[in-house]
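Because the structure is predicted, anything quoted here is derived from the model rather than measured.
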Amino acid sequence: PTIEDSKTEDGSGIGEFTSLMYPLMPSTQYWVRAYATNSVGTEYGGTKGFTTQAPSPDVIKVVAQDGSGDYETVQAAFDDVPDNYTGSWTIYVKPGTYYEKLFLDRNKINVTLKGDDPLTTILTYDDYAGKAGGTSMSYSAAIDPDDFTAVNITFQNTVVNDGSFNDQQGVALRVNGDRQAYYNCRLLGYQDTYYAWGGRATGRTYMKNCYVEGSVDFIFGRNIVLFDSCEIHINRNGGTLTAASTEPETKFGLVFSDCIISADSIGFNGTPITSFLLGRPWQQSPRTVFIRCEEPASLNPAGWSTWNVPPALYAEYQCYGPGSDHSNRINISRQLSEDEALEYTLENIFSKDSHPAFAFDWAPEEPESTITTIEKTGEAIPKTYQLFQNYPNPFNPTTSIQFALPKDGFVTLTIYNALGQQVESLVNQKLTAGFHLITLDAARFSSGVYFYRIKIGDDFQQVKKMLLMK
């Protein structure tokens, strides 16, 4: 390999350097060598070869407080994720309020955390800075790995900053990885609800159709975060939505696009909410931009506040609503020009050019669910194990698979393609005796023949064929 081939640039001077190579194909042999360039020219090190891993099968695990899943706590499910797993590892959390202080380690990559509805699947805790040893440790949930996705989940911290004691900062969600995405999630808290920390390095986070609530600086940190069609809600008078600490070399910071900014009429402390601010600059070179956002009448006409450092960019563009008059905005902020606003696309914000540490562009994609429901049909207990033919068959793109358990057992139901490769794990949990029906949505599969296999402990296994015709 030479610098005419694919290459990375990983710093200057002397010392040790780390390269991230992307994209690599699975089960493929590659050769790599280091190089250095100065005024004399380019010199190369020795060549080394390696072979990439084959992707592991996708896995679905279930958390249920009643013991009907693989785990009864979310933390147990987090702990069980293998380090650096090369497949997709999905954790489905059944409805309930889970009182846990959660931590997902940085090595547990490629995890998707899913609930049915953020109103019924709630992860909550009540830690705070004075108790936990600082704001960064006051989280209810800390998500540290790269390539994490959450869907239909509430993250909550119940500590109210009412002045009853010191250091009441309580983080509902702390993120510390690159390429994290949250869809239809709720983040509930008061002071410091959402910490886009980036403790080890700046990362990229996508928030789509989410609801974020708090009182003071409740969206803060160094990460690049795009809030796309979200609702940002303030619950105390005199509060501030954001406190960014964007690094100087970062092109984008906190970006709010097509969001609704809302406020209670009466705050949680009984005081009417008549004034709040979009942001105040906390550390480094803060960048915060609101684009086509609805702004309520209780937004202070000044819009923003000074604080610890001058902001690199505090701006709005085509915002609307009773609070959008920018004629009295403080002079640390401005309106974006049309040309500047055109730069605020998802592709640009999450491109490798948005920060020097990023090795490749990122395009977040909401995961498609192949499993929509597992339901028990009736109260009858069958006499024998059975796996029924899916209906309809052929199908496009949804079909139902029914099976019967004469007694409680641990069930795996797996989908294979015509080559015998596993393409989906539909069930991997303990189920009670009875008839069970599962709905498969195969919209992301290509047309063709598939096989589904059920295995119930050491007692029963069977395979059937189905045909997807698009």
Side-chain angles (χ1 to χ4, degrees), residues 56-82 85 87-98 100 102-105 108-124 140-156 172-173 175 177 179-188 205-212 228 230 364-375 397-398 411-415 423-431 436 438-445:
S56 300
D58 292 344
V59 171
I60 296 176
K61 297 289 188 178
V62 177
V63 179
Q65 291 175 321
D66 62 4
S68 62
D70 303 295
Y71 317 95
E72 295 184 11
T73 67
V74 178
Q75 187 61 54
F78 279 3
D79 293 341
D80 206 32
V81 177
Y85 192 72
S88 173
W89 194 278
T90 299
I91 300 172
Y92 166 62
V93 185
K94 287 189 175 183
T97 299
Y98 296 80
E100 304 178 55
L102 299 171
F103 176 75
L104 186 63
D105 185 79
K108 298 180 183 297
I109 60 174
N110 298 328
V111 170
T112 297
L113 183 68
K114 298 187 71 172
D116 288 331
D117 189 316
L119 296 176
T120 60
T121 306
I122 300 169
L123 313 181
T124 185
S140 296
I143 307 298
D144 276 17
D146 297 337
D147 299 304
F148 172 87
T149 302
V151 184
N152 300 334
I153 297 285
T154 288
F155 301 89
Q156 182 179 34
L173 176 65
V175 300
R179 304 181 303 278
Q180 293 189 11
Y182 298 79
Y183 299 91
N184 194 34
C185 290
R186 294 194 308 161
L187 280 59
L188 307 181
T205 308
Y206 184 51
M207 310 290 291
K208 175 71 171 179
N209 295 329
C210 293
Y211 175 91
V212 187
D228 183 353
C230 297
E365 295 182 7
E366 185 171 0
E368 295 185 42
S369 176
T370 54
I371 178 170
T372 54
T373 57
I374 304 176
E375 56 180 307
T398 60
V411 179
T412 60
L413 182 61
T414 312
I415 307 295
V423 295
E424 191 67 57
S425 173
L426 295 181
V427 183
N428 187 27
Q429 66 184 92
K430 184 178 179 180
L431 296 175
H436 297 266
I438 183 169
T439 301
L440 167 68
D441 182 348
R444 68 183 180 90
F445 293 176

Do [X] and [Y] make a side-chain contact, defined as non-hydrogen atoms from C-beta onward lying under 4.5 Å apart?
X: Gln156; Y: Leu123; value: no
X: Pro118; Y: Cys185; value: no
X: Trp89; Y: Ser56; value: no
X: Leu119; Y: Arg186; value: yes
X: Thr124; Y: Glu100; value: no
X: Leu102; Y: Phe78; value: yes
X: Leu188; Y: Thr154; value: yes
X: Pro397; Y: Asp441; value: yes

Query raised in the report: With Leu104, which of Val111, Asp144, Leu113 fulfils side-chain contact (heavy atoms from CB on, under 4.5 Å)?
Result: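 Testing Leu104 for a side-chain contact (heavy atoms from CB on, under 4.5 Å) against Val111, Asp144, Leu113 leaves exactly one candidate, Val111.
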
Query raised in the report: Checking side-chain contact (heavy atoms from CB on, under 4.5 Å) against Leu440, which of Leu413, Leu426, Thr398 comes through?
Result: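 Among Leu413, Leu426, Thr398, the one meeting side-chain contact (heavy atoms from CB on, under 4.5 Å) with Leu440 is Leu426.
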
Requested in this report: Go through the steps to decide whether Tyr182 and Thr205 satisfy the test side-chain contact (heavy atoms from CB on, under 4.5 Å), and finish with yes or no.
Outcome: CA-CA 8 Å; Tyr182 298 79; Thr205 308; 3.9 Å; yes

Requested in this report: Could you tell me which residues satisfy salt bridge (Lys or Arg N to Asp or Glu O under 4.0 Å) with Lys94, sequence neighbours excluded, listed by chain and number?
Outcome: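 By the salt bridge (Lys or Arg N to Asp or Glu O under 4.0 Å) rule, Lys94 matches no residue at all.
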
Query raised in the report: Do Val74 and Ile91 pass the side-chain contact (heavy atoms from CB on, under 4.5 Å) test, and can you show the C-alpha distance, the side-chain angles, and the key distance before you say yes or no?
Result: CA-CA 8 Å; Val74 178; Ile91 300 172; 5.5 Å; no

Report task. Evaluate the criterion side-chain contact (heavy atoms from CB on, under 4.5 Å) for residue pair Thr412 and Val427; output intermediate values, then yes/no. Result -> CA-CA 5 Å; Thr412 60; Val427 183; over 6 Å; no

Query - For Tyr85, all residues meeting side chain to side chain donor-acceptor pair (under 3.5 Å), sequence neighbours excluded - result: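 Tyr85: no side chain to side chain donor-acceptor pair (under 3.5 Å) contacts found.
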
Query raised in the report: Who are the side chain to side chain donor-acceptor pair (under 3.5 Å) partners of Asp146, not counting sequence neighbours?
Result: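 By the side chain to side chain donor-acceptor pair (under 3.5 Å) rule, Asp146 matches Arg200.
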
**Report entry** Under 3.5 Å donor-acceptor, Gln180 side chain and Thr149 backbone
**Finding:**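 No; zero donor-acceptor contacts below 3.5 Å.
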
Requested in this report: Begin with the C-alpha distance, continue with both residues' side-chain angles, and end with the deciding distance and a verdict on side-chain contact (heavy atoms from CB on, under 4.5 Å) for Phe148 and Arg179.
Outcome: CA-CA 7 Å; Phe148 172 87; Arg179 304 181 303 278; over 6 Å; no

Query raised in the report: Do the rings of Tyr206 and Tyr183 sit parallel, tilted or perpendicular, given the 30° and 60° boundaries?
Result: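 Ring orientation of Tyr206 relative to Tyr183: perpendicular.
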
Requested in this report: Report the distance from atom OG of Ser140 to atom CG of Leu173, rounding to the nearest 0.5 Å.
Outcome: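 The OG atom of Ser140 sits 9.0 Å away from the CG atom of Leu173.
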
Query raised in the report: When rounded to the nearest 0.5 angstrom, what distance separates OG1 in Thr90 from CG in Asn110?
Result: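 Those atoms lie 10.0 Å apart.
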
Query raised in the report: Between Tyr71 and Asp80, is any side-chain donor less than 3.5 angstrom from a side-chain acceptor?
Result: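 On atom types as modelled, these side chains qualify, holding a pair under 3.5 Å.
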
Query raised in the report: Going by distance alone, is a donor N or O of one side chain under 3.5 Å from an acceptor N or O of the other, for Asn184 and Asn152?
Result: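 On atom types as modelled, these side chains qualify, holding a pair under 3.5 Å.
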
For residues [X] and [Y], report the shortest heavy-atom separation together with the two atoms involved.
X: Gly67; Y: Glu72; result: CA-OE2, 3.8 Å
X: Gly96; Y: Gln65; result: CA-OE1, 3.9 Å
X: Ala64; Y: Gly69; result: CB-N, 3.7 Å

